[in-house]
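What follows is a short report on a single structure.
Protein chains get the first letters and strands the later ones, always in sequence-line order, with residue 1 at the start of each. The figures that follow rest on heavy atoms only: side chains count, while hydrogens, waters and symmetry mates do not.
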Amino acid sequence: MDRYNPQEIEKKWQKIWEKEQTFKAAEGDDNLPKNQKTPKVFLAEMFPYPSGAGLHVGHVRNFTIVDVLARFYTQQQMNVLRPFGYDTFGLPAENYAIKTGISPQSATETNINNFRKQLKRLGYAIDWSREINTSDPEYYRWTQWCFLQLYKEGLAYRKESYQWWCPVDQTVLANEQVENGHCWRCGTEVEKKKMKQWFFKITDYADELLADIDSLDWPDKIKTMQRNWIGRSEGAEIDFEVEGAGTMIKVFTTRPDTIFGATFLVLAPEHPLVSKLVTDATREKVDQYRTETLKKSEIERQENKEKTGVFTGSYAINPGTGEKMPIWVSDYVLMGYGEGAIMAVPAHDERDYEFAQKFDLPIKQVIEKPEGSTDDSECYHGEGELINSGHFNGTRTEDAREQIVSWLEGQGIGKQKVTYRMRDWLISRQRYWGCPIPIAYDEDGNEYPIPEDQLPVIIPEVEDYKPDNSGRSALAKAEDWLHFDMEVEDKKTGKKVVKHLTRETDTLDGYACSSWYLWRYVSPHDNKSAWDKNAISYWAPTDIYVGADHAVAHLLYIRFWCKFFADQGLLPFREPVKTLLYNGYINAPDGKKMSKSKGNVIDPLDVIDQGYGADTLRTYEMFIGPYDMDAAWDPKSVGGVYRFLNRCWNLVFGRVEGQSDSDDTLRLRHQTIKRVTDDIHRHNFNTAVSAMMEYVNELYKTGAEKDDLITLAKLLKPFAPHLACEMLEKLGSDDVWPVWEEKYLVSSTAELVVQVNGKLRAKIQVNVEDLEDQEKIEKLALAEKNVQNFTKNGIKKVIYVKKAKLLNLVAA
RNA sequence: GGCCGAGUGGCGGAAUUGGUAUACGCGUUCGACUUAAAAUCGAAUGGAAUCUUCCAUACGGGUUCAAGUCCCGUCUCGGCUACCA
């Protein structure tokens, strides 16, 4: 008998799959009526950033989940689309280029080639004819096209905004390049700098993005995070009159019921009205405070939660009480949320209370705690009855919210308002290695979108990848690219004129490139459109999407684009992903995160080359634990899985003819089919492997029928495809997924469990038909000596659960 | 501080709807084969008592004939979020 040699058989089958293009998806049979179409499944992992380090074990877990499902559905005769792609724009390639001078284009190509080679060694069932790469001009041409569609509808716009800025490197920094308030490269403390930036107006879709979360088959964890991120809150917008100035200050509050307790107003330092509210006496102090706050890094603001602020010198009038309310400026009020101004109710809001204490401002109770309330905090923010609130006294706070808003509305100074925590999506990146924004400007700063037929705007190669001193990316150094002539419509006359324009040097956030890639998979070589209309309606939306990251960002952006393109009539669905599987991380054997610096990284290719092979690696990563939980790598357990695969091999290649089928062998076979099938449907990959292990253990004891071996090989194929193919070849079988039959699952005898007071006292073998006869069952149970011992004083009650084959006697 | 998870043998974990807790794997121990080792095969393996019980699913209560599972409270760990009015 030959020994199980993964190196040899894996190479053999990988060659065959390569040659036969085994995993090429069938083109959609879109001409057939819906009910005659082959059922389809579109599966994908979150495509990786191909780093120079190659695949890690986390990738393998993620990709193997997709692979198990893809192969499982293929064996079930479904039409499966399982493509692959690379998310290649981003900082690592750019930094590498700055350091080494090797262009990101060429470094990316090298890394992709390495990734592809490694993926093939894992035996993934990928349709290689659909490989995509976001930095390929044929791909980002269509990313730019997507941008232009959003631009046309007014959903891509420019606005002044603050950006992290390193004064030493003279460059803009992305959030992830700011470490504890300092530049990651030179360690200088960063500042905020006001710059004109591009945004996508995701807030237009806030309501729908929130409402549709309910309908998604996604993990609750992700759904909750998205709800919190969108952060819808209902409240009121109220205008406060500034005393003697004739201006109004708009405020957002979720507690309009507490308006009689509002004793002062607070404005964010950036609030545009602040400069109008200051007096000669306060101007200097206020200006100083504003400058200081702007300089503060986020870290400082987090560390130092002590309230700070200054008085503007002006007063507003409380529309309820008619009393004067001093107007303050403080950084605990954020310009980006609500109106950037609040009415402070120190008696019933902790932050306002703290501020009032510090600056000695009046505190006025307007809610009476309900009797028996155990809440003894200084400021009560629960519900209760209103007091000190004019003619609203005695009203419940829950009811008062609406009543007070309509009362304010009657005076024209208030209305219901919904506010979101989510802001518009900032997409400008002052980086070289990203998708160029297809916009140009004339000398007056007017925007001109690049016409669709002139896309893509190609990234020019440059000598030096360092950003320049203007806060612009290295793209600004490509003079020939930067300035160009284009025929445009003159903004004033409407006539066609040729203008000398300057290109936008910001590139798009990488998340823009990944916001539509799932749709590109359906027609990756289409050079007439971003996605083919027929192909998209056959394949999309994605049925199962698997990943371990991007709970809010990517997974929210992709939903936003989907809704937008659905509104443009370009997609026939409003949610891009039906089922989302969010897999856990794999940690080092010591339970800590794997990292190069700790030297505890497990390289999946090493595991293969040690002699275990890809099948062991794949099967082990499915067996390691529930797919959605973090797990620690255990080298010893890898050996256990290898032993299991060896036993599978030995059953087939060292086989002695077994006896013919008996009831017991049939039952075992069909039970195993059912368990593995159900487990894969439920994504319980670890217990699916366990079920196969139990099957093999039994076959070792009882001897295996040929049908057992065929069944085993078919069930094993999604996990260990090379070995399974070798087994099936030897057995002369196809790989069609087996179906269990109920009739084989039943047995003529059953084990009856007898409990007394819920405790196990006896197990009795009974005939299945006797289970129907409760009297007989009770008699059999009472015949047991041990049952008699515990029921000497008689029996009070009998509970018989036929389904569980369980009898519980309650002793007197 | 807020929200969301999790806590079961020496270890990773199983238990689908409340119904036999500890499947499967690792480790450990013993045995077979071998000159020997490895590999392989077989057996045992929650704890205590010793032939049949008692105690065990983080801790304390509760509901139930029956709780790892449901309810209330406490503790520990992990993740996300962070002055969002």
Using the test side chain to side chain contact (heavy atoms under 4.5 Å, CB included), find all partners of [X] that sit at least two apart in sequence or belong to another chain.
X: A/Asn789; result: A/Asn786, A/Lys792
X: A/Trp633; result: A/Val57, A/Ile586, A/Pro589, A/Met594, A/Ile602, A/Val607, A/Leu617, A/Tyr620, A/Glu621, A/Pro635, A/Val638
X: A/Thr203; result: A/Lys201, A/Asp424

Looking at [options], which one has an atom nearest to any side-chain atom of [X]?
X: A/Arg421; options: B/rC4, B/rU53, B/rU81; answer: B/rU81
X: A/Lys763; options: B/rC24, B/rC54, B/rU20; answer: B/rU20
X: A/Asp331; options: B/rC65, B/rC54, B/rC83; answer: B/rC83
X: A/Lys636; options: B/rA85, B/rC26, B/rC4; answer: B/rC26
X: A/Val333; options: B/rC83, B/rA85, B/rC4; answer: B/rA85

With a non-hydrogen cut-off below 4.0 angstrom, is [X] in contact with a base, only sugar-phosphate, or nothing?
X: A/Glu354; result: nothing
X: A/Arg761; result: sugar-phosphate
X: A/Tyr585; result: nothing

Taking atom P in both B/rC71 and B/rC4, compute the distance separating them and give it to the nearest angstrom.
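After rounding to an integer number of Å, I get 13 Å for this pair.
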Say you pick atom P in B/rC72 and the same atom in B/rU81; how far apart are they, in whole Å?
28 Å
Residues [X], [Y]: salt bridge by 4.0 Å N-O rule:
X: A/Glu237; Y: A/Lys417; answer: yes
X: A/Arg3; Y: A/Glu8; answer: no
X: A/Asp630; Y: A/Arg61; answer: no

Between atom CG in A/Asn757 and atom P in B/rC65, what is the gap in whole Å?
11 Å
Between A/Ile238 (CD1) and B/rA85 (C1'), how many Å, whole number?
11 Å
Using a 4.0 Å heavy-atom cut-off to protein, can you give one letter per nucleotide of nucleotides 37-51 of chain B, 5' to 3': B if the base is in contact, S if only the sugar-phosphate is, - if neither?
---SSS---------
Protein proximity profile, nucleotides 11-19 of chain B - base contact B, sugar-phosphate-only contact S, no contact -, cut-off 4.0 Å on heavy atoms
-BSS-BB-B
Does the gap between the ring centers of A/Tyr511 and A/Trp425 come in under 6.0 Å?
no
Hey, does the side chain of A/Lys759 come within less than 4.0 Å of B/rC55's phosphate (OP1/OP2), counting only N and O?
yes
Every stem of 3 or more Watson-Crick or G-U pairs under 3.5 Å that RNA chain B joins, in order of first number, is B:1-7 with B:75-81, B:10-12 with B:24-26, B:27-32 with B:40-45, B:46-48 with B:53-55, B:58-62 with B:70-74
